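Notes to accompany the following structure.
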Amino acid sequence: MSAWDALFAFWRLDDPNVLWVTLGMALLGASSGLIGTFAVLEKRALLGDVLAHAALPGVTMAFFLFHTREPLVILLGAAAAGLLAWGLIDLLTRRARLRQDSALAIVLSLFFALGILQLTWLQRQPLANQAGLDKFLFGQAASLTDADLYLLGTVALGLILLTALLFDRLRLILFDRQHALALGVPVRRYELLLAAMLVCAVVIGLQLAGVVLMAALLLTPAATARLLSDRLRPMLFIAMTLGVLAGVTGANVSYLAPRMPTGPWMVVALSLFFIAALLLAPQRGLLPRALRQRSLRRRVEEENILRTLFKLHEETSVDTLWSQDDIRHHRPLGAARLNRILQRLHREGMLDGTPERMRLSAAGLKRATTLTRGHRLWETYLENRLGLSPERAHFAAEAAEHVLDEATCATIERELGRPSTDPHGRPIPERPDAAEAPSR
Amino acid sequence: MSEILWILVIALLAGAANALIGSLLVLQRRVMLGDAISHSVLFGLVLAYLLSGSRDPLMMFGGAALIGLFSAWLTDLLHRLGRVQHDASIGVVFTFLFALGVILIAGHADQVDIDPDCVLHGELALTPFDTLHIGDTDIGPRAFWQLLGVTALLLLMLAVAYRPLHALTFSAVHAASLGISVALWNTVLAVMASLTAVASFDAVGAILVVAMMALPANTALVFARSLQQMLIGAVLASALAVLGGLALAAWLDASIAAAIVVAAGLLLALALALKAFLRRSSAAHRETPRSQSA
Amino acid sequence: MTPAPALSLRDLTVSYQETPVLWDVTLDLPTGCNIAIIGPNGAGKSSLLKAAMGFIPAAVGEARFFGEPLDRVRARVAYVPQRSEVDWDYPISVEETVMLGRYGGLRWWQRPGAADREEVARALEKVGMSDFARRQISQLSGGQQQRVFLARALAQGADLYLLDEPFAGVDMATERAIVALFNAIRARGGTVIAVHHDLSTVADYFDHVALINQRLIAAGPTETVYTLDNLRHTYGGRLGLLTDIGRRVTEAGLNDEALPPPPGNAA
């Protein structure tokens, strides 16, 4: 069977086992992405990691007490241990005043060690069917049974529903805890509820993904969503979607290459989403940030040249043609760089003439007038209101001219009583569309 | 030397090394870095193994330590450049590297005999059998020499650079105002944390590394009045935990590493309880004369 | 020739995660004075000290101490952070804390000697904390904590003291002790630059002020600069527009490398 046939076979979903695993991983991805986002926003990104490790003694204890591997029993044990761990963290930080990260590390390792201790002890006991408990360490998606899936689905849907129901309250608490307290919201109770939901999300994922990777399912989609959005609702939606996508990817990979584990591939998929978002996220991504910086630099360069040409025209007339050397006389720039800037301005239709002898076009003149107006108004404002020397006011205006809009210019103009000249005694142009100024 | 004695010595050394570096990390509130490093190390081990094609101890050690350091560096980079929350960047980095490690093992299962299980909780009981040889002479377990080296390096670091480390852990800002290079010493600490984690880790597993960095240091912090006291107290607490843990493991016939962690946890609980008791009794003591005079 | 100013800032611009904190501050603060840095909350007073010390990067501009870059004269400059920025749970005694101030003068493998211990004892005596030398810092009151930090700065034996809100949350006795200390420093030719909050005590405690609200509003001797008009400028009035444009400039990233170097002559 070729790889393509295998891929089609996977997507036809006629193997019920494949369907179960895929569905299970997708549900798991959705619910942990959702709940993990709350943990990240509570500034407790590693809490999921801790609770996942902490569930282990619950698993082994439940088995020890009830001698069964019934998923519901085992998961209840894990949930109890998770809640206990959450309570212990709370106790250690609030009462014993331990540092937050110390408390996390302590609870994580202590609970996990208890689990290992009992696991290794159990393995030496003559008990039937204890084998397979250690799948909670690394997870085994392939061994998923109908009963497991049923439970997983119920819990995951329950978590999603509960979040939808309590959305407004949770948002309020996350956004402004003090304010929520002042409004009389029982904040502590909601925090406990969030912790319980986190524990549930951890617990249903343990046997699919295992302890360490469960931490990633909770954290990585949330961290990715944080890069992509600043608002809670889109964040939750993104995190859930990424979780589902990663779940399907993981199931797909381990179907194509049966010895590949599902959970780790799911984590790798999530990490790749994270890396992509880190590089490409529209607002926070590294690449868009660099590009924005570049386009801003280009705009500033262009606008500076426009303003220089405006001043040259001002000294003579708008019809004079100027050379690159004339410009460089006022703006010390490398010849190659200036050439590039002028070429861009030509393309944008801001200049008339040739790259050697040029003048502002009508459109260029309009933009240059606006810029000069902003610059000179701001200079005047700074000198007038702050007593900055004209030289210092000029440097400040060099930056400000690129962000001043007409409304602000009008405000400044009103405040200063419509000044006609700037601190250097040069005329402040009118608004360009009202301007009959430098006419051809 | 008998096996049990070797196990004791190795566990004591692992405890001491982790207690020393752990104390500094705890004071800096960076102890979860130990968690990140120790989990990432799996990837380094597998990578070194696959690249060198052998279990050459030096290659394995170097590969693991480098990846450990790499994860610390990546964490810092994500935080600074990508503006990701610090703890979130720790979690994202180490789970990714851990997942890569597990996948590499699964993909080369026929060649790699690294058990991820063992990576998590170690197998202290087996360390005496993995010995080093000079020529034909058996000079003792590899874990022993690794841990001895790292512990010596840590002691050397503390002896030589106690003052900059003291200033740095108290307040990075103040250290910087004195002209102490914060970046340099933070890197030194990350390197030492990585070396300690790797040296302890194939003896005692990732979880014990985190535990032995956090538990004895915090136990010592309950009563310590100076950095010196904290360092000594943490080493003592780790030694007590090792002794208690060995006894517990022998009694239960269970994992020694896990038993040591549990013992260290009990020790911390004891310290916290004692402090609460002392505070209450001294408060009661102060209360009495006042009520008499009233 | 007049001595180089204790602290001079040139075009200092600081932005912190997209929000502008300080914009284009140029300022000379003379030696031998007690100088207050005054301004409303969020005006960038602490950031000014931190950027000068190099703790936070300046987008543009530079700071010089006694006419030199900080690294050349580090031993002459002591910095006292805000009390809330310190880890008071750290296991350390008062004496040891003050000893930390001596570390700057030691190579990193050197141990403090008898001279250092003497210096520490003297510093503790000056702030009236000799009796508390063996106490843990976690057991001190707010005022005592502040005194210990002053002692640490004194133990550094500096000529210039930068203090971030030294009077925040301290009792009256400590406040008086701190002022007496400032005057003693000035009497021996030293300089104090302190971020200050309480407008009512400025004229009593400080002989120079710098008024800051993201920009420098005014700086100079207290009696000439500390006027109602300037205060109105600093704390309100018509600065809305300034702040607004400053924010836009920073948001657009214009404080970074986007701007070409200023041309030699005015355009």
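Given the structure is predicted, the values throughout are model-derived calculations rather than measurements. Sequence lines set the chain letters: A, B, ... in the order given, protein chains first and strands last, and positions in each chain run from 1.
Between A/R284 and B/R83 the shortest heavy-atom distance is NH1-O, 4.2 Å. Across every non-hydrogen atom of B/V31 and A/A105, the tightest pair is CG1-CB, 3.9 Å. Nearest heavy atoms, B/F98 versus A/L213: CD2-CD2, 4.0 Å. Shortest non-hydrogen contact noted between B/G107 and A/M260 is CA-CE, 3.7 Å. Heavy-atom minimum distance, B/S255 versus A/L117: O-CD1, 3.6 Å. Across all non-hydrogen atoms, the minimal contact from B/I103 to A/P264 is CG1-CB, 3.6 Å.
Rounded to the nearest 0.5 angstrom, A/K43 NZ and B/Q85 CD are separated by 4.5 Å. Going from atom CG of A/L219 over to atom CZ of B/F96 covers 13.5 Å, rounded to the nearest 0.5 Å. Atom CG in A/D101 sits 7.5 Å away from atom CZ in B/R29 (nearest 0.5 Å). Here the straight-line distance linking atom CG of A/L46 with atom NE2 of B/H86 works out to 10.0 Å at 0.5 Å rounding. One distance of note links CD1 of A/I106 with CG of B/N218; it measures 4.0 Å at 0.5 Å rounding. Between the CG atom of A/L92 and the CG atom of B/L268 there is a distance of 7.0 Å, given to the nearest 0.5 Å.
Using modelled atom types, one side-chain atom of A/R99 and one backbone atom of B/L27 make a donor-acceptor pair closer than 3.5 Å.
In this structure, the portion of B/L78 lying under 4.5 Å from any heavy atom of chain A is its side chain and not its backbone. For A/A223, the part sitting under 4.5 Å from any heavy atom of chain B is the side chain, from C-beta outward, and nothing else. Looking at A/R95, neither its backbone nor its side chain comes within 4.5 Å of chain B, counting heavy atoms on both sides. Only the side chain of A/L227 comes within contact range of chain B, judged by heavy atoms closer than 4.5 Å. For B/D35, the part lying under 4.5 angstrom from a heavy atom of chain A is the side chain only.
Contact tally against chain B (heavy-atom pairs below 4.5 Å) for A/G285, A/S271, A/A215, A/G48: the top residue is A/S271. When A/L110, A/L104, A/L114, A/L108 are compared by the number of non-hydrogen pairs under 4.5 Å with chain B, A/L110 comes out ahead. Options B/L81, B/L272, B/V222, B/D87 differ in how many heavy-atom pairs under 4.5 Å they form with chain A, and the most are formed by B/D87. When each of B/G82, B/A259, B/A254 is scored by its heavy-atom pairs under 4.5 Å with chain A, the top score falls to B/A254. Chosen from B/I90, B/L215, B/L25, the residue pairing most often with chain A at heavy-atom distances under 4.5 Å is B/L215.
B/V210 is not listed as a side-chain neighbour of A/F112, based on a closest heavy-atom distance of 4.5 Å or more. A/S109 is not listed as a side-chain neighbour of B/L208, based on a closest heavy-atom distance of 4.5 Å or more.
Counting heavy atoms of neighbouring residues, nucleotides and ligands inside a 6.0 Å radius, atom CZ of A/F175 does not exceed 12 of them.
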Show your working on side-chain contact (heavy atoms from CB on, under 4.5 Å) between A/D49 and B/M32 and close with a plain yes or no. CA-CA 11 Å; A/D49 181 30; B/M32 281 306 265; 4.1 Å; yes
